[in-house]
Asks: 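Dumping the structure here so I can ask a few things about it.
If you're wondering where the values come from, they're calculated on a predicted model, not measured in any experiment. Note that ligands are numbered from 1 as they come in the structure, with each ligand's atoms numbered from 1 the same way.
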Amino acid sequence: MKHSLLSLACGLGMAASSVIAHAGEVEVLHWWTSGGEAKSVQLLKDTIEAQGNQWKDFAIAGGGGESAMTVLKTRAVSGNPPSAAQIKGDDIQEWGRLGFLADLNNVAEQDHWQQFLPKVAQQIIMHEDDYVAVPVNIHRVNWLWANPKVFAEVGVAIPVTLDDFFAAAEKIKQAGYIPLAHGGGQPWQNVTLFEAVALAVLGPEDYQKAFVELDMSILNSPKMVEVFTQFRRMKEYVDPKYRGNSWNTATAMVSNGEAAMQIMGDWAKGEFAADGKVAGQDYICVAAPGTHGQFTYNIDSFAFFKLSDEENRKAQEDLARAILDEGFQTSFNLNKGSIPIRMDMALDSFDQCAKDSMATFKDTAENGGLVPSVSQGLATTSYVQAAIFDVVSNFFNAKTADPKQAAHRLARAVKAAM
Ligand code: GAL
């Protein structure tokens with residue numbers, strides 16, 4: 001049995017390190033249900049099955065993972081957690097503090113994680129001195145996706161600064177296209193737009209002070225009023241029906257030429273790819289206006305829950321190993337739109353957007369300009385994040401809005417949630 005599973009896995013071209021024939025089950029909670037995301041999950045499932053383990057899919061739709069996190073809490077407190085769950089940022093620490101997570105120290109040591117994982121990822125996946133999660137990828141969030149045909153038709157250049165953005169958006173609107181595709185169906189998508197504007201207006205240092213250090217002198221400042229002012233201006237250029245859209249329907253609008261642009265993390269690239277579109281040809285990626293050379297990061301990770309069944313525990317380790325396998329990192333991230341989490345890999349098969357992303361990630365990690373995404377749960381606790389989501393979304397959706405009042409509200413809400 002062991003022998004035949006091994007040959008099956010080798011036949012499928014699996015890397016030797018991920019071929020360990022245990023017959024356990026891994027139940028994996030995730031929210032990757034859009035076209036590009038589902039393709040990426042399928043790869044993980046195939047890898048696990050080729051190891052001889054069983055994959056039990058636990059998919060909860062809803063980008064950003066809010067619904068998934070709610071379901072996870074219910075399962076975990078009833079004593080029946082999945083083997084692994086997509087959990088990010090500070091939430092991993094919280095699950096760790098509550099004592100739910102298993103440690104992966106053996107795998108991490110044997111496979112030398114320390115040698116190839118970037119520092120920011122190590123901080124996220126370690127609780128105290130233990131590795132409790134495995135990172136899958138790095139998504140850059142501050143991207144602008146543009147349809148070059150629409151730009152050519154209107155005769156405007158793809159914007160580099162915020163001023164360029166508003167000037168181009170006005171012309172695109174007059175030409176009868178939707179300037180900015182936006183999925184406002186969920187608060188995290190409004191915050192994705194907001195944080196891009198905040199990074200442009202505040203710069204990386206004040207962004208970090210505001211959303212990571214929760215510094216009131218920035219949260220409640222004229223600079224933050226300016227962030228809200230510019231953010232609200234964007235509302236003039238989104239589809240009037242934006243509240244009914246999800247992020248991937250917004251991406252489809254850029255892909256099919258109904259809209260000119262979208263500001264969204266590079267999981268959007270997974271959608272373009274699933275739609276058969278080619279980077280640099282059918283769509284263009286540039287840094288979100290005013291954020292050139294800066295990098296807002298989102299790192300997807302799977303945290304591992306304590307299990308009693310020995311085979312299932314071994315299967316968890318197989319999953320962790322498989323995720324960091326170089327071959328898997330290539331195929332998964334090509335589909336997902338992200339870049340590998342391993343810093344020691346060649347990116348030959350990746351497109352220019354991914355190559356730019358990696359170069360900017362490495363440069364900003366070294367020289368400054370690397371900031372965590374608020375909308376993706378990487379910057380602060382889930383409580384503070386929820387407070388920011390509320391204030392920002394209510395402000396964007398309201399009929400009339402007062403940026404000065406919004407900055408006050410933001411500071412007050414963050415303080416109450418700290
Ligand atoms: C994010 C996740 C990404 C992406 C997006 C939309 O939270 O980190 O991987 O897929 O949601 O579902």
Asks: Tell me, which protein residue and heavy-atom name are nearest atom 8 (O) of ligand 1, and how many Å apart are they?
Replies: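 Sorting protein heavy atoms by distance from atom 8 (O) of ligand 1 puts Asp300 OD1, 2.5 Å first.
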Asks: Under a plain distance cut-off of 3.5 Å, with no hydrogens placed, do His127 and Asp103 share a side-chain donor-acceptor pair?
Replies: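 No.
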Asks: Should Lys336 be counted as touching ligand 1, given the test is an N or O pair under 3.5 Å?
Replies: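 Yes; the residue has a nitrogen or oxygen that sits under 3.5 Å from a nitrogen or oxygen of the ligand.
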Asks: For the pair Phe295 and Phe361, name the ring-plane relationship: parallel under 30°, tilted 30 to 60°, perpendicular over 60°.
Replies: perpendicular
Asks: Report yes or no: is the cationic atom of Arg233 (NZ for Lys, CZ for Arg) under 6.0 Å from the centre of the six-membered ring of Phe166, at an angle within 45° of the ring normal?
Replies: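 Output yes; distance and angle both within limits.
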Asks: Taking the side chain from Thr381 and the backbone from Val384, do they hold a donor-acceptor pair closer than 3.5 Å?
Replies: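 A pair under 3.5 Å: yes.
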Asks: Taking only heavy atoms of Gly63 into account, list the atoms of ligand 1 that are under 4.0 Å away from them.
Replies: 6 (C), 12 (O)
Asks: Give me the residue, atom name and distance of the protein heavy atom closest to atom 1 (C) of ligand 1.
Replies: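 Among all protein heavy atoms, the one nearest atom 1 (C) of ligand 1 is Gln376 OE1, 3.0 Å.
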Asks: Is there a heavy atom of Gly65 sitting under 4.0 angstrom from any atom of ligand 1?
Replies: no
Asks: Less than 3.5 Å between some nitrogen or oxygen of Glu37 and one of ligand 1, yes or no?
Replies: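 Yes; at least one N/O pair falls below 3.5 Å.
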Asks: Check whether the side chains of Ser393 and Asn190 place a donor and an acceptor atom closer than 3.5 Å, and report yes or no.
Replies: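 Indeed, the side chains of Ser393 and Asn190 share at least one donor-acceptor pair under 3.5 Å.
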Asks: Regarding Ser34 and Asn248, is there a side-chain donor-to-acceptor distance under 3.5 Å anywhere?
Replies: no
Asks: Does ligand 1 come near enough to Lys88 that some N or O of the ligand is less than 3.5 Å from an N or O of the residue?
Replies: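 Yes, at least one N or O pair falls under 3.5 Å.
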Asks: Side chain or backbone of Asn137 under 4.0 Å from ligand 1, or both, or neither, by non-hydrogen atoms?
Replies: neither
